[in-house]
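Working notes for the structure below.
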There are 2 protein chains.
Amino acid sequence: MTNTTLKKISEILGISISTVSRALKHHPDISVKTREKVIELARTLDYEPNANAVQLRTKNSKLLGLMVPTISNYFYETFIAAVEEDARKNGYAVMILQSGNDPLIESENLKLFRQNRVSGVFVCLSSNTKDMSSFEKMYELEIPVLFFDNVPQDSGVHKICLADEKSAQLAAELILQHPYQSILALFGNPALSITKKREAALKNAFQAHPHISLLIEHANSSEEAKLVCHEMLNKHLPDIIFCMSDEVLIGVLKTIQEKGLRYPDNIALLTISNGTIPRLFHPQITYIETSGEKLGKAAFAHMLNCMQTKTEPTELLVDAVLFNGGSL
Amino acid sequence: MTNTTLKKISEILGISISTVSRALKHHPDISVKTREKVIELARTLDYEPNANAVQLRTKNSKLLGLMVPTISNYFYETFIAAVEEDARKNGYAVMILQSGNDPLIESENLKLFRQNRVSGVFVCLSSNTKDMSSFEKMYELEIPVLFFDNVPQDSGVHKICLADEKSAQLAAELILQHPYQSILALFGNPALSITKKREAALKNAFQAHPHISLLIEHANSSEEAKLVCHEMLNKHLPDIIFCMSDEVLIGVLKTIQEKGLRYPDNIALLTISNGTIPRLFHPQITYIETSGEKLGKAAFAHMLNCMQTKTEPTELLVDAVLFNGGSL
DNA sequence: GCCATTTCCGCAAAGGTTTGCTGTGGAAAT
DNA sequence: ATTTCCACAGCAAACCTTTGCGGAAATGGC
């Protein structure tokens, strides 16, 4: 069976294509009688507009691009799910691409977005991206780009982040409410904006408390975190371990379990997470919530804004809240 | 800045649009000299073909559709990641939609796929889908549909599954190698094809061992699994709990932890999983691996086949292997 | 130097929509 | 009865690309 088109409808009804087109969009120029005839026939023929033709003509697609380093990640997946959901509700479809943290693929993906004429893209930068020039073309074509999570430092772009500073501050405050004297803080890839922000905020918060020992380490993956943690714990058992992310947390948890340590008895734990992992364990691990879902919803809302009216580039923040498990 | 088009290039070079088009695709009709001039200019002008125009003309898009109940799921996310990766390598982009297990949304999503002229779709059926008629239109339009994971029972469709029967058999064999006398087997939504298959296979395997007590329960979510598990354990402590999926496993683990039980000492655990969750714990939980990644890769390969040559509908299986943790 | 190829390129249509403009018929206004 | 206006619908161009066909120039063979 071949597709039904405006042309086909127009031929059957003996009217022109333009009349059919207008009737279908309730254009006032078309009489009610004609309109109803058209709509009726369109329904029975199951007419579905050819998005390619529409987009070609209107230069305005109902397609959004979304790029993350990898889809299978505790945080991104909830972000993606949220964006997709809201997008769908607004008639948009989402094209999802992974960069694999490779700047080359990242720029190729941008090209794919352009070729498919997306009307906006969400980007979480690859951790290895130094050169932002591949994004220039997007700006030239006036395709809104909204960075999220790992964002560039430039101020002239749209970005939406978790309240990274605040969440680290929150963590610090929580720690300071307890008599912990030695802290091991594990962070992720130091190249990421979120790492920098969280680390700086945490350091800053302990500036006024020189008597507390704050040891900071980095790890680029769960495996690395596990190794680092093992190494650190062999030297000295801190009162509390603070994890910047789920990735780090996973490594730490493995170490702790392998060493037969019990939290909160032997050691306290605090992490930043969306909650999935921390809630798997018993006692649940106390975490500062960074919700991919909230971020996704906010991101989509902002994107809608950007697409409708030219908005000034801004940095939006999604708040962080504390979930009290039983790990400290 | 406006986009570069074939027309623009042709005007600058003073040649016709068709020549430019052919030159860009190395058509033998075009002289080397002209071709190089064109390609050179196209590069400096950063020409990017308008996918909409191309698709409109050729009726052959480089876009694939992928629908899952929800993206944020331990299994789907790896499947999606794998499909996306291979798709990208082959020049395809993937449009991802969620059904939220709502048949209505499912059929709307199919419509979206059609409108965007995808050249193939991967579908994991929503658990509530009874009526498959919304897929008819896809067949009529000759858009290949490849079902995965939760698939329809019809035999006339393309489907790709994990070796559900085999993985349950594997589980049964493993259990039988131990002296376990009472088994609690927890399954997911009984409406799902994977549930049915796994359950049938497990039951079947124990048919020949009537002296072993096999208790089967169902749960539609982690929370439900947790409740059911609590309830069951209060009545009687089995030697081993078998979990059909990560979802179930999560509930079971919570119960076990909350009850202060230790595995494998107090109770043994066995699950079917892609490994992410089982490896988080210590000892790691023994599981039959069902890799979303493998399934994704196989699915994409099959899709490529379907799109290139008309393939007969088949049911493909991706094998299951055992990962030995320390939970039994 | 003439005919037959070959080489290279352009014309034009097609794909499905959208939209500014034009045109028609009839009713209302004068 | 003539003009004015409005409601309604069609024409045609445009969006950008692909491709069958035809044609001009250049090449080759004799």
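Lettering of chains follows the sequences in order, A, B, ..., and the numbering in each one begins at 1.
One interatomic measurement links the two molecules: CG of B:L13 to C1' of C:dC9, which rounds to 13 Å at whole-angstrom precision. Following rounding to the nearest Å, B:K7 (NZ) and C:dA12 (P) show an atom-to-atom distance of 15 Å. Taking atom NE2 of residue B:H26 and atom C1' of nucleotide C:dC9, one finds them 17 Å apart after rounding to whole Å. In this entry the distance linking CD of A:Q55 with C1' of D:dT17 reads 15 Å, nearest Å. Taking atom CG on B:L6 and atom P on D:dT19, their separation rounds to 12 Å, with Å as the unit. Nucleotide D:dC15 holds its P atom 14 Å from the CG atom of B:L56, rounded to whole Å. Here the P atom of nucleotide C:dT17 and the CG atom of B:N116 are 13 Å apart, to the nearest Å. The NE2-P distance, from B:H27 to D:dG20, rounds to 8 Å in whole Å.
Side chain of B:S21, nearest nucleotide from C:dT17, D:dT19, D:dC15: D:dT19.
When the side-chain nitrogen and oxygen atoms of B:K59 are compared with OP1 and OP2 of C:dG16, one or more of them lie within a distance under 4.0 Å. An OP1 or OP2 oxygen of D:dC16 is reached within less than 4.0 angstrom by no side-chain nitrogen or oxygen of B:Y47. Between B:K25 and the phosphate of D:dT17, there is no side-chain N or O to OP1/OP2 separation shorter than 4.0 Å.
Take A:N116 and apply the side-chain hydrogen bond (donor to acceptor under 3.5 Å, both in side chains) test, not counting sequence neighbours, and it matches no residue. For B:N60, there are no side-chain hydrogen bond (donor to acceptor under 3.5 Å, both in side chains) partners two or more places apart in sequence or in a different chain. Taking B:F148 as the reference, B:F79 meet the ring-ring contact (aromatic ring centres under 6.0 Å, His included) condition, with sequence neighbours excluded. For B:T19, the side-chain hydrogen bond (donor to acceptor under 3.5 Å, both in side chains) partners at least two apart in sequence or on another chain are B:S16.
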Expected string for nucleotides 8-14 of chain D under the B/S/- scheme (protein heavy atoms, under 4.0 Å, primed atoms plus P, OP1, OP2 as sugar-phosphate) is BBBB-BB

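Sorted by first and then second residue, the salt bridge (Lys or Arg N to Asp or Glu O under 4.0 Å) pairs with a member in residues 20-36 of chain B form an empty list; sequence neighbours excluded. The side chain to side chain donor-acceptor pair (under 3.5 Å) analysis of residues 144-155 of chain B, with sequence neighbours excluded, yields the pairs B:N150-B:S193. Applying the side chain to side chain donor-acceptor pair (under 3.5 Å) test to residues at least two apart or on different chains, the pairs with a partner in residues 86-97 of chain B are B:E85-B:K89, B:D86-B:K297.
Residues A:L24 and A:L6 form a side-chain contact, since some pair of their non-hydrogen atoms from C-beta on lies under 4.5 Å apart.
No more than 12 heavy atoms of other residues, nucleotides or ligands sit less than 6.0 Å from atom CD of B:E293.
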Pairwise N/O distances under 3.5 Å, protein to nucleotides 23-25 of chain D:
none

